[in-house]
Amino acid sequence: QVQLVESGGGLVQAGGSLRLSCAASGRTFSSYAMAWFRQAPGKEREFVAAISGSGGSTYYRDSVKGRFTISRDNAKNTVYLQMNSLKPEDTAVYYCAARYWIVTMNDADFGSWGQGTQVTVSS
């Protein structure tokens, strides 16, 4: 399995930017589809973005399209989430997740999860 560690969260004003990173262990990182999910207090976990193992396919929830970009550097075993034009409703704990080969938006299909990193957007 893949061990995942998120970083890069913090406090930012509305309209600002943050770049989240998720560092993965192992030698087969490129064989895993990766995704970002988030969970706000009192809310269910929701899909944010996903990327295929090669980086050739990406997917986003509608509310972040045009603002967030998921990317990966397989040589560094790292996936990123660049978040621009942040809004207060983006405030949540952000988690990265990994699934072997098949990209999906369903959190139940991901077997490896990081501990999460807090993103807070003030208004």
CA sep, side-chain torsions, deciding dist, call: S71, Q82, side-chain contact (heavy atoms from CB on, under 4.5 Å): CA-CA 8 Å; S71 62; Q82 178 67 47; over 6 Å; no

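- Although no hydrogens or angles enter the test, the distance criterion places a donor-acceptor pair under 3.5 Å between the side chain of S25 and the main chain of Q3.
- In this structure, R99 CZ and D109 CG are separated by 4.5 Å, a value rounded to the nearest 0.5 Å.
- With hydrogens and angles left out, the side-chain atoms of E6 and T117 include no donor and acceptor closer than 3.5 Å.
- The aromatic rings of W113 and Y95 stand perpendicular to each other, their planes meeting at an angle above 60°, with 30° marking the opposite boundary.
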Just do the side-chain contact (heavy atoms from CB on, under 4.5 Å) check on M105 and Y59 with the steps written out, would you? CA-CA 8 Å; M105 302 178 189; Y59 307 88; 3.5 Å; yes

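- A cation-pi arrangement is absent between R72 and Y32, since the terminal nitrogen or guanidinium carbon is not both under 6.0 Å from the aromatic centre and inside a 45° cone about the axis.
- Linking ILVMFWY side-chain heavy atoms closer than 4.5 Å, directly or via other members, places Y80 and L4 in two distinct hydrophobic clusters.
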Kindly indicate, with the supporting measurements, whether the criterion side-chain contact (heavy atoms from CB on, under 4.5 Å) is fulfilled by M83 and V119. CA-CA 10 Å; M83 304 185 294; V119 172; 3.8 Å; yes

Stepwise, does the side-chain contact (heavy atoms from CB on, under 4.5 Å) test hold for Y94 with V48? CA-CA 9 Å; Y94 284 70; V48 178; 4.3 Å; yes

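- Relative ring orientation between F37 and F110 is described as perpendicular, the plane-to-plane angle rising above 60° on a 0-90° scale split at 30° and 60°.
- Of all heavy-atom pairs between T104 and A50, the closest is O-CB, 3.9 Å.
- The shortest non-hydrogen separation linking F29 to D73 is CE2-O, 4.3 Å.
- Side-chain contact between T91 and Q118: present, with at least one pair of heavy atoms (C-beta onward) separated by less than 4.5 Å.
- Taking 4.5 Å as the limit, some side-chain heavy atom of R38 sits within range of a side-chain heavy atom of E46.
- Between T78 and S21, the shortest heavy-atom contact is CG2-CB, 4.3 Å.
- W101 and V103 are assigned to two separate hydrophobic clusters, defined by single-linkage of ILVMFWY side chains at heavy-atom distances under 4.5 Å.
- With hydrogens and angles ignored, the 3.5 Å screen pairs no side-chain donor or acceptor of S30 with any backbone N or O of S54.
- In this structure, OG in S85 is found 7.0 Å from CZ in R67, a value given to the nearest 0.5 Å.
- Distance check: C22 SG to Q115 CD gives 11.0 Å after rounding to the nearest 0.5 Å.
- For the atom pair CZ of R19 and CG of N84, the computed distance is 11.0 Å after rounding to the nearest 0.5 Å.
- In terms of heavy-atom proximity, P88 sits nearest to A14 at CD-CB, 4.1 Å.
- For L81 against A49, the heavy-atom pair with the smallest separation is CD1-CB, 4.2 Å.
- A salt bridge does not link D90 to K87: none of the charged side-chain nitrogens sits closer than 4.0 Å to a carboxylate oxygen.
- With rounding to the nearest 0.5 Å, the separation of OG1 in T120 from CD in Q13 is 13.0 Å.
- The minimum heavy-atom distance linking I70 with W36 is given by the pair CD1-CD1, 3.6 Å.
- A heavy-atom distance below 4.5 Å is not found between the side chains of F47 and D107.
- Atom CD1 in I51 sits 7.0 Å away from atom OH in Y60 (nearest 0.5 Å).
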